[in-house]
Amino acid sequence: MPGYCVQGTIGHKILNGQRKLELEGRSTLEVKLQVEYMSFSAHADAKGIMQLIRMAEPRNVLLVHGEAVKMEFLKGKIEQEFSIDCHMPANGETATVQTNPSVPVDISLNLLKREMALGGPLPDPKRPRTMHGTLIMKDNSLKLVSSEQALKDLGLNEHQLRFTCRVQLQDQSPEQETLSRVYTHLKSVLKGFSVQLLPDGTVMVESILIKVSSSPEDPDSKTLLLSWSYQDEDLGSFLSSLLKKGLPAALC
């Protein structure tokens, strides 16, 4: 990312579209970058650099010129304010930057409508989130569709996959009373979710089922069996971690 490039320099050649460069020692370097020209001052102060980063939104920053102490301060400020990696390589030092490939994917309108109906936020490229769909190859392009649509397009039958987890609790109460307290606890924590106490003696949170059992040898030791479908994997992991902490004292 140079400043002004004089004619004949490597920077000037790259800006003019040259894809192979002859370097000292007769070695050849192939240019594999996408090149963009942007007019900015090469002598910007810290405020100008911060403004440039804010506008350009890079994933990584390299500081290559300046006083070491001031560069260290600016490096810390960049990492703290923008939460991105900032490198400060010495002369001759190689800086390795990890990159994530960008793969364009079409999203079906029906899937977007369903996600919005569930109360989720609108898609935002700056704040990626998980969308529960299925990637299929269609017309030589990747497309994200609902699982039901993917099964229909591919002519496949659906098979339900569920995850299970056991959580141990020490509780002197009968099984049904323990289950009622689990229900009350989850109801108070999961404000935006459907939490139900079913007649068959289970608690249901979205697709997650929670059952309570006790050991004949140790009635005070209760086992919570959690079972959830793959759509609620994140919520299931959260509930298992929450219940491993035990029930609040006020509920015991």
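No hydrogens, no waters, no symmetry mates; every other heavy atom, side chains included, goes into these values.
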Item to check | Candidate list I78, L74, D85, V97, test side-chain contact (heavy atoms from CB on, under 4.5 Å), partner V61, passing option | outcome: I78
Next on the checklist: For residues L247 and V205: do they belong to one hydrophobic cluster (side chain heavy atoms under 4.5 Å, members Ile, Leu, Val, Met, Phe, Trp, Tyr)?
Outcome noted: yes
Checklist entry - Do K143 and S108 have side chains that get closer than 4.5 Å, going by heavy atoms? => result yes
Checklist entry - Taking N16 as the fixed residue, which of H12, K13, Q18 is the one that meets the side chain to side chain donor-acceptor pair (under 3.5 Å) rule? => result H12
Next on the checklist: Quick one about T223 and Q168 (side-chain donor to acceptor, distance below 3.5 Å, no hydrogens or angles considered), yes or no?
Outcome noted: yes
Checklist outcome for this item: Here the pair of heavy atoms bringing L186 nearest to L243 is CD2-CD2, 4.2 Å
Item to check | Candidate pair L144 and D106, rule side-chain contact (heavy atoms from CB on, under 4.5 Å), full reasoning | outcome: CA-CA 6 Å; L144 182 65; D106 291 329; over 6 Å; no
Next on the checklist: Quick one: does any side-chain atom of K32 pair with a main-chain N or O of R19 as donor and acceptor, under 3.5 Å?
Outcome noted: no
Checklist entry - Looking only at atom types and distance, does a side-chain atom of E67 sit under 3.5 Å from a main-chain N or O of V69, one as donor and one as acceptor? => result no
Next on the checklist: Would S221 and Q170 count as a side-chain contact (heavy atoms from CB on, under 4.5 Å) here? Give the steps.
Outcome noted: CA-CA 5 Å; S221 178; Q170 288 300 121; 3.6 Å; yes
Next on the checklist: On a heavy-atom basis, which atom in L190 and which in F238 lie closest, and how many Å separate them?
Outcome noted: CD2-CE2, 3.7 Å
Item to check | Distance, nearest 0.5 Å, that separates OG of S240 from NZ of K245 | outcome: 10.5 Å
Checklist entry - Are any of the side-chain heavy atoms of V145 and N110 separated by less than 4.5 Å? => result no
Checklist entry - For the residue pair H87 and T96, what are the closest heavy atoms and their distance? => result CE1-O, 4.0 Å
Next on the checklist: Can a donor-acceptor pair be found, under 3.5 Å and without considering hydrogens, that links the side chain of E175 to the backbone of S214?
Outcome noted: yes
Checklist entry - Using a distance-only test with no angle check, is there a side-chain donor-acceptor pair under 3.5 angstrom linking S229 and R162? => result no
Next on the checklist: Applying side-chain contact (heavy atoms from CB on, under 4.5 Å) to E72 and M88, what does each step give before you reach the verdict?
Outcome noted: CA-CA 8 Å; E72 283 284 0; M88 205 177 83; 3.4 Å; yes
Item to check | Within-4.5 Å side-chain heavy-atom neighbours: E81 and M50 | outcome: yes
Checklist entry - Are V182 and L242 co-members of a hydrophobic cluster defined by side-chain heavy atoms under 4.5 Å apart? => result yes
Item to check | Atom of L15, atom of C5 and distance for their closest heavy-atom approach | outcome: CD1-SG, 4.1 Å
Next on the checklist: I need the L239 CG to K244 NZ distance, nearest 0.5 Å.
Outcome noted: 12.0 Å
Checklist entry - Within a reach of under 6.0 Å around CZ of R54, are more than 12 heavy atoms found that belong to other residues, nucleotides or ligands? => result yes
Item to check | Hydrophobic cluster membership, F73 vs L63, 4.5 Å side-chain cutoff | outcome: no
Checklist entry - Between the main-chain N or O of V6 and the side-chain N or O of T9, is there a donor-acceptor pair closer than 3.5 Å? => result yes
Checklist entry - Is T28 close to L21 at the side-chain level, that is, under 4.5 Å between some pair of heavy atoms? => result no
Checklist entry - What closest approach, in Å, do S173 and T178 show between heavy atoms, and which atom pair accounts for it? => result O-OG1, 3.7 Å
Checklist entry - Taking Q51 for the side chain and G48 for the main chain, is one N or O donor matched with an acceptor at less than 3.5 Å? => result no
Checklist entry - Does a side-chain heavy-atom distance below 4.5 Å link L198 with V203? => result no
Checklist entry - Is L179 reachable from L225 through a run of hydrophobic residues whose side-chain heavy atoms are each under 4.5 Å from the next? => result no
Checklist outcome for this item: Interatomic distance, OG@S207 vs CD@E233, rounded to 0.5 Å, equals 11.0 Å
Checklist entry - Applying the 4.5 Å side-chain criterion to the ILVMFWY set and letting contacts propagate, would L52 and I84 be lumped into a single cluster? => result no
Checklist entry - Taking E206 for the side chain and S194 for the main chain, is one N or O donor matched with an acceptor at less than 3.5 Å? => result yes
Next on the checklist: side-chain contact (heavy atoms from CB on, under 4.5 Å), that's the test. Do E57 and F82 meet it? Break it down for me.
Outcome noted: CA-CA 9 Å; E57 297 182 347; F82 300 107; over 6 Å; no
Item to check | Value rounded to 0.5 Å, distance of CD in Q80 from SG in C86 | outcome: 13.0 Å
Item to check | Residues in side-chain contact (heavy atoms from CB on, under 4.5 Å) contact with K211, at least two apart in sequence or another chain | outcome: T202
Item to check | Validation row: P104, L142 side chains within 4.5 angstrom (heavy atoms) | outcome: no
Item to check | Check: L235 main-chain N/O paired with D232 side-chain donor or acceptor under 3.5 Å | outcome: no
Checklist entry - Is it true that atom CD of E22 has more than 12 heavy atoms of other residues, nucleotides or ligands lying nearer than 6.0 Å? => result no
Checklist outcome for this item: Closest non-hydrogen contact found for I208 with W228 is CG1-CB, 3.3 Å
